[in-house]
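For clarity, every value in this text was computed on a predicted model and none was experimentally measured.
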Amino acid sequence: DTTESIMKYELEDLKALITEFEERLKNYTSVKIANYTKDPLETATAYVFEEMAAKVNKLHHKTFSTIEFAKHWLLTGMIKK
């Protein structure tokens with residue numbers, strides 16, 4: 001839960017994060033990440049990450065503007081990509 005944090009990323013940081021996910025996901029069937037965002041810059045950054053994450057097998061990432069929708073998506077049994 002990062003709802004009280006302030007995230008500051010550069011594009012290169014997101015690329016490095018994706019590379020790290022690719023390496024670490026080898027041991028998992030799938031991983032879901034729901035990203036709750038509150039401000040426009042955070043939302044834009046999350047959508048860039050979401051676009052990058054879509055290319056990684058086993059990683060399922062979505063951005064939400066409410067915690068309720070994020071929780072609902074996380075708790076659904078079927079992962080759709």
Side-chain angles (χ1 to χ4, degrees):
D1 182 354
T2 59
T3 54
E4 299 302 319
S5 63
I6 298 172
M7 305 290 190
K8 294 186 178 183
Y9 296 107
E10 299 291 328
L11 183 57
E12 292 304 314
D13 297 329
L14 295 178
K15 289 178 183 176
L17 191 56
I18 289 294
T19 300
E20 189 67 26
F21 270 116
E22 287 174 325
E23 183 61 32
R24 294 186 180 259
L25 288 174
K26 291 177 182 176
N27 299 322
Y28 296 91
T29 305
S30 66
V31 172
K32 286 175 95 172
I33 299 172
N35 194 354
Y36 164 65
T37 61
K38 301 182 275 196
D39 76 32
L41 180 58
E42 202 175 288
T43 301
T45 303
Y47 280 123
V48 169
F49 181 79
E50 191 171 308
E51 182 103 1
M52 293 172 155
K55 298 173 184 160
V56 177
N57 285 336
K58 303 180 183 181
L59 179 58
H60 308 277
H61 177 276
K62 291 235 182 244
T63 302
F64 299 91
S65 59
T66 69
I67 290 176
E68 292 77 20
F69 283 125
K71 285 179 184 177
H72 175 75
W73 181 75
L74 282 172
L75 296 173
T76 56
M78 182 69 87
I79 295 176
K80 295 181 182 177
K81 190 165 186 177

Working to the nearest 0.5 Å, report the span between [atom1] of [X] and [atom2] of [Y].
X	Y	atom1	atom2	answer
Ser30	Leu59	OG	CG	9.5 Å
Asn27	Lys58	CG	NZ	7.5 Å
Ile67	Leu74	CD1	CG	11.5 Å
Ile33	Thr63	CD1	OG1	10.0 Å
Tyr36	Thr43	OH	OG1	9.5 Å
Lys26	Phe21	NZ	CZ	15.0 Å

Could you tell me whether the side chain of Phe49 reaches within less than 4.5 Å of the side chain of Leu17, counting heavy atoms only?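 Counting from C-beta outward, Leu17 and Phe49 do come under 4.5 Å.
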
If you define the side chain from C-beta out and look only at heavy atoms, does anything of Thr45 sit under 4.5 Å from Leu14?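 Yes - at least one pair of side-chain heavy atoms lies under 4.5 Å apart.
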
Cluster check Tyr47, Leu41: I/L/V/M/F/W/Y, side chain < 4.5 angstrom: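 Per the 4.5 Å side-chain linkage, Tyr47 and Leu41 are not co-clustered.
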
Is it true that Phe69 and Leu75 fall in one hydrophobic cluster, defined by side-chain heavy atoms closer than 4.5 Å?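 Shared cluster, no.
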
For the student: nearest non-hydrogen atoms of Thr37 and Ala46, plus distance: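 Looking at all heavy atoms of both residues, the closest pair is CG2-CB, 3.8 Å.
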
For His61 and Asn35, work out which heavy atoms get closest and say how close.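 The answer is NE2-CB, 3.6 Å.
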
Among all residues two or more places apart in sequence or in another chain, which pass the salt bridge (Lys or Arg N to Asp or Glu O under 4.0 Å) test with Glu68?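 If we apply the salt bridge (Lys or Arg N to Asp or Glu O under 4.0 Å) test to Glu68, skipping adjacent residues, there are no hits.
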
Measure up the Phe64 and Trp73 rings against each other and bin them: parallel (under 30°), tilted (30 to 60°), perpendicular (over 60°).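 Tilted.
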
Before you tell me yes or no, could you show the steps for Arg24 and Glu20 under salt bridge (Lys or Arg N to Asp or Glu O under 4.0 Å), namely the whole-Å CA-CA distance, both residues' side-chain angles and the distance that decides it to 0.1 Å? CA-CA 6 Å; Arg24 294 186 180 259; Glu20 189 67 26; 2.4 Å; yes

